[in-house]
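For reference, the structure discussed in these notes is given below.
Note that ligands are numbered from 1 as they come in the structure, with each ligand's atoms numbered from 1 the same way.
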Amino acid sequence: MSQDLYELLGVGRDADADAIKKAYRRLARQYHPDVNPDPEAQERFKEISLAYEVLSDPQKRASYDRGGDPFGGAGGGFGQGAGFSFTDIMDAFFGGGAAGAGRGPRPRERRGQDALIRLEVELAEAAFGVTREIKVDTAVRCGTCQGEGTAPGTHPIPCETCHGAGEVAHVQRSFLGEIRTLRPCPACRGFGTIIPEPCRECSGDGRVRSRRTLTVRIPPGVDDGTRVQLAGEGEVGPGGGPAGDLYVEVHTAPHETFTRHGNDLHCTVTLPMTAAALGTTLTLPTLEADVAADEETGSGLETSFELDVRPGTQSGTEQVLRGRGVPGLRGGRGDLVVTVVVETPTRLDPRQEELLIELAAIRGEEAPTGQVRPGARSVFGRLRDAFNAH
Ligand SMILES: [Zn+2]
Ligand SMILES: [Zn+2]
């Protein structure tokens, strides 16, 4: 360990025992494996626990201050059971005296809840990414008391009912004998301290509601229902505790041309019968056209593409254009599936009718028989067949 132990706890070299304990408690709440499963946090928790082990012990601290190695010789170190048990940690958490049956007073400061907000974006914005400003209403740390919950110049005082333990013994007599249980202290609600004069701004809660404007980056390729996480932007906890996360749930508005299936886009193009028969080239808008005006994401994007319709194209034909769909969150791009619908001409004038009759005659189609094929069998039909078989 090369880092300075005082730096690790974020305290000055002249910090007293109380300040060191307070600093460790604050860090432990942030990095303890029970609240923070991140492996890096666990490493950090070991380091700060080691620093606390040394600096909370007057003898070890004095040795460390003289430049000595407080772990010299013994080969100790945190995590090998070198005199730093879980109880010690619990003591640090709960202010000592927790070694008995109880859990001691609970901290006023707790992590806040996660918050969820819905954000509606256009299909093209979900596909190509967008930066949006959003307004969020969450609890933030009270600026008047900095989360302490106390009026300026006042401090929490130990609870007289439980003498700071946060819990009181409760004895019940039953036919089995006396049952003694510990219950949260009703006077201080288990905190072990009482706020004699609550902060007026937050009524002692340590947090106030506030409306903020946040900038959120929606990455390209998000789908309907994707949640984008903004760490630490959720609700600040009671007692000004660390904020939860904010989740922005993306919802895409329906698009007038394209529908999305996974990373593929689907659209329908309607063609006159003559064009389908003769073949043609169509110019169709891309989804990119929607964001082409956007300076950040739209520069250099193709706003249209050409679709070749081969002579003799049938109604219902699907044309798949590779790579013209939605970019995937992990790279790649879906396809664009264009379904061609051939329109039969209606409201023919006499001349058009004459031409079509002539065309039919040339093609020998004046009296078509129609080709009959089996249709898809309904569930009802299959049931009836199954029933009749018995
Ligand atoms: Zn306050
Ligand atoms: Zn109490």
Side-chain angles (χ1 to χ4, degrees), residues 10-11 17-19 21-30 32 34-35 87-115 135-173 178-214 230-246:
V11 295
D18 208 12
K21 194 176 211 172
K22 233 179 165 174
Y24 175 67
R25 253 193 248 180
R26 187 170 48 79
L27 291 167
R29 255 178 241 137
Q30 199 175 343
H32 192 279
D34 284 354
V35 290
T87 307
D88 292 330
I89 296 168
M90 296 314 274
D91 281 357
F93 254 102
F94 299 121
R103 293 177 299 115
R106 61 191 178 114
R108 286 187 184 274
E109 193 186 312
R110 274 174 292 143
R111 183 185 186 271
Q113 289 187 325
D114 294 338
K135 287 204 177 357
V136 287
D137 265 314
T138 59
V140 297
R141 182 162 293 139
C142 173
T144 305
C145 63
Q146 301 302 324
E148 289 282 329
T150 48
T154 69
H155 296 285
I157 53 169
C159 172
E160 283 180 5
T161 306
C162 63
H163 307 287
E167 49 197 7
V168 287
H170 180 82
V171 180
Q172 264 182 308
R173 278 176 231 289
E178 270 188 4
I179 300 172
R180 192 171 172 276
T181 50
L182 288 172
R183 289 187 173 180
C185 170
C188 62
R189 290 186 295 138
F191 293 124
T193 55
I194 283 178
I195 292 179
E197 203 183 322
C199 167
R200 286 188 178 195
E201 187 68 30
C202 62
S203 309
D205 194 30
R207 51 184 183 163
V208 287
R209 292 211 77 80
S210 162
R211 171 162 264 229
R212 295 171 294 148
T213 302
L214 288 175
L230 300 180
E233 298 287 2
E235 307 273 353
V236 157
D245 299 332
L246 175 70

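Only protein N, O or S atoms were scored, and 4 of them lie under 2.8 Å from the Zn ion (ligand 1).
To the nearest 0.5 Å, atom OG1 of residue T193 and atom NE2 of residue H155 are 12.5 Å apart.
With respect to E148 and R141, no salt bridge is recorded, no charged nitrogen being found less than 4.0 Å from a carboxylate O. Contact check on R207 versus E235 returns no salt bridge, with no Lys/Arg side-chain nitrogen under 4.0 Å from an Asp/Glu carboxylate oxygen.
With hydrogens and angles disregarded, a donor-acceptor distance shorter than 3.5 Å links the side chain of R212 to the backbone of E233. In terms of modelled atom types and a separation under 3.5 Å, the side chain of R110 and the main chain of G239 share no donor-acceptor contact. Proximity of a side-chain donor or acceptor of D114 to a complementary backbone N or O of L246 within less than 3.5 Å is not detected. Between the R108 side chain and the G147 main chain, no donor and acceptor come within less than 3.5 Å of each other.
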- request: Start with the C-alpha distance between R200 and T144, add both sets of side-chain angles, then the distance that settles side-chain contact (heavy atoms from CB on, under 4.5 Å), and finish with yes or no.
  value: CA-CA 9 Å; R200 286 188 178 195; T144 305; over 6 Å; no
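Listing protein N, O or S atoms at distances below 2.8 Å from the Zn ion (ligand 2), with waters left out, gives C159 SG, C162 SG, C185 SG, C188 SG.
Counting only heavy atoms from C-beta outward, the side chains of P105 and C188 never approach each other to under 4.5 Å.
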